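Counting starts at 1 for both ligands and their atoms, in listed order. Both backbone and side-chain heavy atoms feed into the values below; hydrogens, waters and symmetry mates do not. In this chain, numbering begins with 1 at the start of the sequence shown. Being a predicted model, the structure only gives us computed values, none of them experimental.
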Amino acid sequence: MMQAHECHAYVGKRGSRKSTRNKENLGRCLKAGQRVIAFDPHNEYAQDGHATDEVMLGPLPSSRELWAVLADPSELLEGDTSFAVVPDSLEEEDLARGFDELARLAYEAGDLVFSADELVLYFMSARVQKRLNFLATQGRHKKLPLALAAQRMVHVPYTTRTQLTLVDTGKQDDPDDVAAIAKRCGKDFAEKVPKLKRGERLVWQDE
Ligand SMILES: Nc1ncnc2c1ncn2[C@@H]1O[C@H](COP(=O)(O)OP(=O)(O)OP(=O)(O)O)[C@@H](O)[C@H]1O
Ligand SMILES: [Mg+2]
């Protein structure tokens with residue numbers, strides 16, 4: 001269950017289980033009866049996703065193609081089903097446009113948990129940063145909790161970071177990432193993050 005004001009970041013290097021942890025949380029949201037929509041570049045959040053040895057499929061009942069959702073958003077806007085939304089291209093411009101349009105529709109629909117993974121592929125786009133900051137600061141008014149997965153803390157835009165209520169992190173050792181974690185989670189928490197071992201994670205929650 002995520003409350004309307006909640007904003008989660010699952011961060012850490014490749015293979016540090018951030019997507020797994022995000023999926024676990026989204027599974028709890030589904031069990032609690034919440035609607036979940038996930039922007040899913042690697043098609044790994046739904047039970048009908050692309051299974052490999054490297055990923056455990058997530059808990060969403062099914063997936064949709066991004067272009068189909070954008071062409072006809074009626075199911076997103078008027079329905080109550082949960083689904084993963086999978087882009088057909090990993091090109092930055094396509095992802096940035098697709099993410100922005102999907103997130104705008106998700107906000108319009110409201111009353112759902114909105115999640116996005118692999119921020120690394122589209123966070124550089126100004127429109128993505130604006131949209132994330134909009135969702136992070138305005139989402140509460142539309143009952144839209146936010147759950148993000150990113151390899152680096154600095155991939156989460158600054159204003160979005162100021163709104164985080166939970167940071168679930170694996171090892172981060174780049175000074176910029178450690179500084180960004182310190183800014184939101186405090187120095188005591190941040191100084192433990194570069195010392196984490198492979199597979200270890202730490203969770204910070206706002207009081
Ligand atoms: N509890 C667990 N114990 C051991 N391995 C696990 C556990 N949970 C997940 N894994 C495995 O760890 C691997 C990495 O998990 P995951 O895909 O969540 O990483 P990630 O941080 O999202 O990586 P990437 O940056 O590449 O997306 C997967 O192969 C997954 O099956
Ligand atoms: Mg992942």
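- Nearest non-hydrogen protein atom to atom 23 (O) of ligand 1 is G15 N, 2.8 Å.
- Atom 16 (P) of ligand 1 has its nearest heavy-atom neighbour, among V120, T20, L57, V55, in T20.
- At least one heavy atom of E118 lies less than 4.0 angstrom from ligand 1.
- Looking at K23 and E44, a side-chain N of the basic residue comes within less than 4.0 Å of a carboxylate O on the acidic one, giving a salt bridge.
- Contact check on R152 versus D177 returns a salt bridge, with a Lys/Arg side-chain nitrogen under 4.0 Å from an Asp/Glu carboxylate oxygen.
- Enclosure of atom CD in E91 is not indicated, since only 12 or fewer non-hydrogen atoms of other residues, nucleotides or ligands lie within 6.0 angstrom.
- Between R131 and R104 there is a side-chain heavy-atom pair separated by less than 4.5 Å.
- Comment: K130 does not engage D100 in a salt bridge, judged by the lack of any side-chain N to carboxylate O separation of less than 4.0 angstrom.
- Every heavy atom of R21 sits 4.0 Å or more from the atoms of ligand 1.
- At a distance under 4.0 Å, a protein heavy atom can be found next to atom 18 (O) of ligand 1.
- Those atoms of ligand 1 that come under 4.0 Å of a heavy atom in K13, given as number and element, are 21 (O).
- For residue S19, an N/O/S atom approaches the Mg ion (ligand 2) to within less than 2.8 Å.
- Taking all atoms of both residues into account, the shortest heavy-atom contact from V154 to A180 is CG1-CB, 4.1 Å.
- Not a single heavy atom of G12 sits closer than 4.0 Å to an atom of ligand 1.
- Under the ring pair (Phe, Tyr, Trp, His ring centres under 6.0 Å) rule, F39 has a single partner from F114, F83, Y122, Y45, which is Y122.
- In terms of protein heavy-atom proximity, atom 29 (O) of ligand 1 is nearest to E54 O, 2.6 Å.
- Residue M56 approaches ligand 1 through these ligand atoms, each under 4.0 Å from one of its heavy atoms: 8 (N), 9 (C), 31 (O).
- Among protein heavy atoms, atom 22 (O) of ligand 1 sits closest to S19 OG, 2.7 Å.
- The CG atom of L102 sits 6.5 Å away from the CG atom of L76 when rounded to the nearest 0.5 Å.
- Here CG of L164 is found 9.5 Å from CG of D206. Values are rounded to the nearest 0.5 Å.
- Closest protein heavy atom to atom 2 (C) of ligand 1: R17 CD, 3.9 Å.
- Put simply, atom 7 (C) of ligand 1 has protein non-hydrogen atoms near it, under 4.0 Å away.
- Checked against a 3.5 angstrom limit, the closest N/O atoms of K18 and ligand 1 fall inside it.
- Under a 4.0 Å criterion applied to the non-hydrogen atoms of Q151, ligand 1 contributes the atoms 25 (O).
- Connection of L57 to V36 is not established within any shared hydrophobic cluster, with ILVMFWY side chains joined at heavy-atom distances below 4.5 Å, either directly or through further cluster members.
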